[in-house]
Amino acid sequence: MKAFPEDFLWGAATAAYQVEGAYQQDGKGLSIWDIYSHLPGTTYQGTNGDRAVDHYHRYQEDVRLMAEMGLKSYRFSISWPRIYPAGSGAVNQQGIQFYNDLINELLKYGIVPVATLYHWDLPQALQDLGGWENRELIEQFGQYAKTCFEQFGDRVRYWLTFNETINFIMLGYRDGVHPPAVKEERRAVEVSHIVNLAHAQAVLEYRKLVREKSIAEGMIGIAHVLLTGFPISAAEEDARACEWYEEMDFQWFYDPSLHGRYPERLLNYYQERWQAPTILDGDLALIQSAPIDFIGINYYQSTFLAHNPADGVGFAAINVSGKKGSQQESGIPGLFKRVQNPKVAYTPWDWSIYPEGLYQGMKRIQERYGNIPIMITENGLGDKDPISPSGEILDTPRIDYLREHVRWCQRAIDEGVPLFGYFVWSFIDLLSWLNGYQKQYGLVYVDHQNDLKRVKKQSYDWYRQLIQSNGVTL
Ligand code: BG6
């Protein structure tokens, strides 16, 4: 294969709650996940991030492993309650210190830091004030973002405001399986608007600091899920179902970030059905005033859609028994339903493996939003990796998965898609929110029976070679 662009960012990603641990250490406040995961029956076998993989104490070893792999960039998230234990008010200097140390360690090896401000761990103190349903969070998120820009913006040049707004909003407020465990779609729709305003507020804070020359100019964006939709058949009614799906799961989230507005048909649908979201004077102007520099996309799978009669299926509850189960046979009566595609392979968690969907999704982004630079902020395979008698982690299915997806990336670049980075989810085996440690994504294995020892997987070596050859070994 031919080489990728010279400065292509080959990376890997994690998120604070899933790796750090030290959940009550050095002044950190509690997050909604610290509370929620301790409630009975919320996560797989009661797993939680209290210790996670102890990255907080082992970050130097982890960064060394990244450097040895030749990683060009590392995407991590900042824990809001580590910076502001009470959500706002006093800054926790020890929290600042941890991220300073991590960033400096990365830079020591020439690894480019990419920081996400919100990967779902809201300070519990802010949840107690109503969480994302309270418009005060717009200001408070802006303040938290500003603090991060001021403290780390001299060294961090790539920023993501939110990770996957669709997931923490829909799983948290519609399906009730993430905190705050609400099951009211109307409230999910309200929250989606408030979160868009908070995102815009953070972008404006960033622009202001850059204008004032308080920090160097970098790029700011948001990471959205890409769940590319395809009609299951050539039937007209399945195509219409797919259009509705794309409006709900794609455009509703991407349009405000990239077009500064909501898709009209769906906005009318929500207004009629739920009288939501409540859009106040000035809201849309705020969203419009904050264009982003790049879009982050998290791609794992595609979704196949069929017509759903008015008395068809509703949302499938997501269980914590190990399978996410949200993708199959769920939908909106009258609009669409998600169905299994018999021609496509599925992971042990029933996620479709459809590398072409990544390419098609990027093409759709380009078609709808023009040449916005794209960073693939997550892509990876959740699996149970066998271990050989000699202790080798055998994860060739992950290598196959990643290779095929990277191939489609190359094709997209060849055809002019402005893709400038690719981040494997995840750098290391970490806590899967609802699936504990049994669902592995990492390039590095963590032995929970042996003091969290790090072991390189086959995919670690494969990725090292890929990076070294800049894609040629494909
Ligand atoms: C993404 C999230 O939705 O998918 C990650 O950004 C998450 O935080 C990943 O871990 C995989 O999801 P899961 O449920 O398989 O752990």
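Counting convention: from 1, in listed order, for ligands and their atoms alike.
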Kindly compute the distance separating CD1 (I365) from NE2 (H224), expressed to the nearest 0.5 Å.
9.5 Å
Residues that Q140 engages under side-chain hydrogen bond (donor to acceptor under 3.5 Å, both in side chains), provided they are two or more places apart
none
Is it the case that the ring center of H193 lies less than 6.0 angstrom away from the ring center of Y262?
yes
Parallel, tilted or perpendicular: which describes the rings of Y354 and F230, with under 30° parallel and over 60° perpendicular?
perpendicular
Ligand 1 atoms nearer than 4.0 angstrom to some heavy atom of S432 are 13 (P), 14 (O), 15 (O), 16 (O)
By number and element, which atoms of ligand 1 are closer than 4.0 Å to a non-hydrogen atom of E164?
1 (C), 2 (C), 3 (O), 6 (O)
Ranking Y44, F168, Y299, W433 by closest non-hydrogen atom to atom 7 (C) of ligand 1, top hit is W433
Part of N435 within contact of ligand 1 (heavy atoms, under 4.0 Å)
side chain
Determine, considering heavy atoms only, which of W425, Y300, Y441 sits nearest to atom 4 (O) of ligand 1.
Y300
Applying a heavy-atom cut-off of 4.0 Å, say which part of Y17 lies close to ligand 1: side chain, backbone, both or neither.
neither
Pair Y158, S73: side-chain N/O donor-acceptor within cut-off below 3.5 Å:
no
Per-atom contacts of ligand 1 with H119, taking only distances under 4.0 Å to non-hydrogen atoms
2 (C), 5 (C), 6 (O), 8 (O)
Under 30°, 30 to 60°, or over 60°: which ring-plane class applies to H178 and W433, parallel, tilted or perpendicular?
tilted
Any chance you could lay out the ring pair (Phe, Tyr, Trp, His ring centres under 6.0 Å) test for Y369 and H259, step after step, and finish with the verdict?
CA-CA 7 Å; Y369 306 109; H259 274 163; 4.8 Å; yes
Residue part near ligand 1, for V225, under 4.0 Å between non-hydrogen atoms:
neither
Hey, is ligand 1 close enough to W351 that some N/O pair sits below 3.5 Å?
no
So, does L434 sit close enough to ligand 1 that a heavy atom of it is under 4.0 Å from the ligand?
no
Any N or O of E378 that comes nearer than 3.5 Å to an N or O of ligand 1?
yes
In ligand 1, which numbered atoms sit nearer than 4.0 Å to a non-hydrogen atom of N167?
3 (O)
Sorted by chain and residue number, the side chain to side chain contact (heavy atoms under 4.5 Å, CB included) partners of D50 (sequence neighbours excluded) come out as Y23, H38, N48
